[in-house]
Amino acid sequence: MHGTPPAATGAAAADRHVAVEYSGHDEWAEHLVAFVRAGFDRGEQVRYFADVTDPGLVARTLADHGLDAEDAGRRGQLVVATADETYLAGARFDPDAMMGLWQEAVDTAAAQGFRGLRAIGEMSWGARDIPGAERLLEYELRIHHEVFARLPLTAWCFYDRRLLPRDDLRVLAGAHLSRSGTAAYDGTPGLTVTPLKDCPGFRVTGSAGYESRRVAASAADALAASPAGSVTLDLSVLDHLGIAALAGIAAASRRRPPASPVRLQGAPPALHRMLELFPELGEGLEVAGR
Amino acid sequence: MTTYTRPVPGAAEEGRAFHHPALFYTTQEDYLREVGGLIRTEAARGRPVLVAVPGDRLTSLRETLGAEAGDCTWTDMRQAGRNPGRVLSLLHEFADRHADRFPVIVGIAVRSPTPSAAALAHRTHPVITRPGDVRPSPGYTDPHAVCQDCDAPLPEPADPLVLHFQERDLSAVRDTAGKWAQDAGLSPRRHTDWLLAVNEATGNSVRHGGGHGTLRLWRTADAVVAEIRDRGRLTDPLVGRRRPDPLSPAGGRGVWMMHQLCDLVEVRTPSSGLIVRLQVTLA
């Protein structure tokens with residue numbers, strides 16, 4: 001399930017799921033035009049899921065930059081919709097449902113004769129009080145292995161720096177293996193989780209204490225939900241691991257199917273010490289070097 | 001002191017009672033006869049027995065009892081009791097592990113106690129036993145009142161490093177406390193213990209102590225000390241004395257961990273809130 005992506009996509013999965021940060025119309029337009037132009041050139045279908053942007057502005061901006069958006073829209077190569085009327089139309093945002101929707105969208109694009117699918121999603125809804133929005137990080141973490149490693153899909157997640165809290169933006173952008181646009185962080189230490197490039201799993205960077213409990217919980221949810229036979233958690237560059245984060249990892253491993261362990265690499269001394277105090281947390285975990 | 005649980009004679013199996021007498025004795029012969037006799041009797045009845053006494057007494061009891069001790073669990077309290085905050089957890093774990101077999105725990109007896117030691121033993125034990133004599137303790141006091149009496153101000157350090165923190169500072173505070181302890185000379189293993197304990201205490205301040213707190217760090221002749229002050233209230237004076245379920249979504253692991261990781265944990269509850277002092281020896 002996690003093999004080489006279909007040849008039509010060209011680029012590796014890590015390069016096809018990109019966090020794009022911007023903070024103004026010109027930056028937004030520059031990313032938009034470059035992305036859509038590349039899709040048109042390659043004969044791919046392009047879908048734009050707007051959150052705060054007027055869908056009409058998308059077409060006008062493309063036209064202003066010499067792209068025939070009207071014709072592309074008529075031929076079905078360009079589809080502009082809002083998140084509200086598509087994947088946020090249900091009762092709540094559901095990462096599990098999203099995995100299936102991407103498969104359907106890719107299949108539809110292929111059935112319509114396009115060589116692949118590329119999509120832009122404005123992610124500013126993640127900062128609003130939308131049911132399920134708290135699962136956005138889990139979704140961003142899971143999608144690399146569950147979607148991009150399997151499907152001929154290229155997607156740019158548009159993060160408007162003006163609409164998301166700085167810490168949330170740092171964490172959400174950090175969940176992508178590729179990033180574009182100028183990041184503006186204040187250097188505040190925090191926990192970042194990133195998909196592993198070559199195998200199902202995640203690398204955790206920073207400090208996993210009480211202050212980063214929501215990020216740790218999302219990472220645990222992503223571990224639990226991964227359909228891979230085994231999933232790796234790389235802790236080799238982690239500065240600190242507290243008991244709550246370890247308990248979350250242990251609980252996630254117990255939610256996984258039998259014989260599909262969580263493999264911990266680079267476990268810090270604190271993890272070994274906590275397993276001395278609570279050996280039962282080691283059930284379902286394979287700790288390298290232990 | 002001899003602490004043990006056993007069923008009320010003649011009661012149904014579920015009608016067990018908790019007995020907590022203190023044994024006063026004067027000679028080694030008295031000690032071996034009284035304590036050894038208890039162990040021998042309970043072992044012969046098939047009860048699980050934990051003997052938690054200082055190493056020299058442990059040796060004497062083992063030599064005296066030989067095979068009559070059965071499969072007693074022997075624990076040297078000079079080691080296990082180094083941090084008093086761990087003792088209750090140790091006893092609880094044994095009692096819980098053998099809950100269906102009426103476990104017996106034999107603790108420290110008091111030899112020729114000084115007046116103050118005898119008074120403390122009377123306050124903390126409902127029953128006093130001497131060789132051939134068992135009687136209620138007239139000085140026995142409600143344990144919560146005893147805890148309150150122990151809640152005395154702690155001595156002030158000379159020149160501590162002071163760090164104020166709230167949630168967004170927790171990571172930086174851990175970094176500072178870690179580097180400070182490294183410079184103070186903590187071994188790598190104890191440094192890990194130190195950081196885990198400081199993390200739990202500072203996290204508790206944010207979570208339960210009003211959202212912020214103050215961390216003070218100083219060094220004594222043979223230890224590093226972290227003191228965490230916040231506006232929390234302690235509802236259970238015996239919090240952290242029973243091993244928690246590490247997977248409990250409600251948490252509740254922090255104070256127990258502090259006791260396991262540190263050599264001494266002192267808790268005070270002044271009107272201003274809560275004070276927790278964590279001490280880790282440098283040796």
Side-chain angles (χ1 to χ4, degrees), chain A residues 165-168 170-171 185-192 204-217 220-221 224 235 238-255 262 267-285, chain B residues 86 89 93 165-179 182 186-209 211-213 228 230 240 243-262 280:
Chain A
R166 187 172 291 184
D167 281 351
D168 291 357
R170 175 185 58 76
V171 170
Y185 304 128
D186 60 1
T188 304
L191 190 67
T192 304
V204 189
T205 309
S207 199
Y210 178 72
E211 72 285 358
S212 49
R213 60 196 176 282
R214 293 184 189 87
V215 178
D221 287 339
L235 305 173
L238 188 64
D239 293 330
H240 170 80
L241 180 69
I243 186 63
L246 175 58
I249 295 168
S253 76
R254 294 174 181 222
R255 286 155 58 195
V262 173
L271 182 139
H272 293 284
R273 185 70 173 105
M274 289 188 284
L275 289 182
E276 287 176 9
L277 297 177
F278 298 113
E280 62 266 51
L281 294 182
E283 292 173 22
L285 300 178
Chain B
R86 294 180 201 154
S89 179
E93 275 186 58
F165 62 89
Q166 50 187 309
E167 181 168 341
R168 67 174 177 227
D169 307 313
L170 286 173
S171 177
V173 161
R174 281 194 300 272
D175 287 347
T176 302
K179 291 185 180 98
Q182 215 160 25
L186 268 187
S187 67
R189 180 175 171 85
R190 298 318 309 278
H191 186 263
T192 298
D193 290 350
W194 163 264
L195 266 187
L196 284 170
V198 168
N199 172 62
E200 290 303 316
T202 52
N204 277 354
S205 290
V206 171
R207 189 176 181 190
H208 305 295
H212 54 90
I228 298 90
D230 58 45
R243 187 180 188 276
D245 172 5
L247 288 164
S248 167
R253 299 163 288 234
V255 181
W256 184 86
M257 284 179 64
M258 291 176 218
H259 282 299
Q260 306 304 309
L261 296 164
C262 300
V280 176

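- Contact annotation for B:R207: both backbone and side-chain heavy atoms come within less than 4.5 Å of a heavy atom of chain A.
- Counting heavy atoms from C-beta on, the side chains of A:R254 and B:L247 come closer than 4.5 Å.
- Within the 4.5 angstrom heavy-atom criterion, atoms from both the backbone and the side chain of A:L277 approach chain B.
- Distance OG/B:S171 to NE2/A:H240: 8.5 Å, rounded to 0.5 Å.
- Nearest heavy atoms, B:N199 versus A:G242: ND2-CA, 3.9 Å.
- Counting heavy-atom pairs under 4.5 Å between each of B:R253, B:R174, B:E200, B:R189 and chain A puts B:R174 at the top.
- For chain B, the nearby part of A:L241 is the backbone; its heavy atoms alone come within less than 4.5 Å.
- For the atom pair B:L196 CG and A:L271 CG, the distance stands at 10.0 Å (nearest 0.5 Å).
- Residue B:N204: no heavy atom, backbone or side chain, is found under 4.5 Å from chain A.
- Atom CZ of residue A:F278 and atom CD of residue B:Q260 lie 8.0 Å apart, to the nearest 0.5 angstrom.
- Separating the CD atom in A:E276 from the OG1 atom in B:T192 is a distance of 10.0 Å, to the nearest 0.5 Å.
- One distance of note links CE of B:M257 with CZ of A:R273; it measures 8.5 Å at 0.5 Å rounding.
- Annotation for A:A247 and B:P246: closest pair CB-O, 3.4 Å, computed over non-hydrogen atoms.
- Looking at B:P188, neither its backbone nor its side chain comes within 4.5 Å of chain A, counting heavy atoms on both sides.
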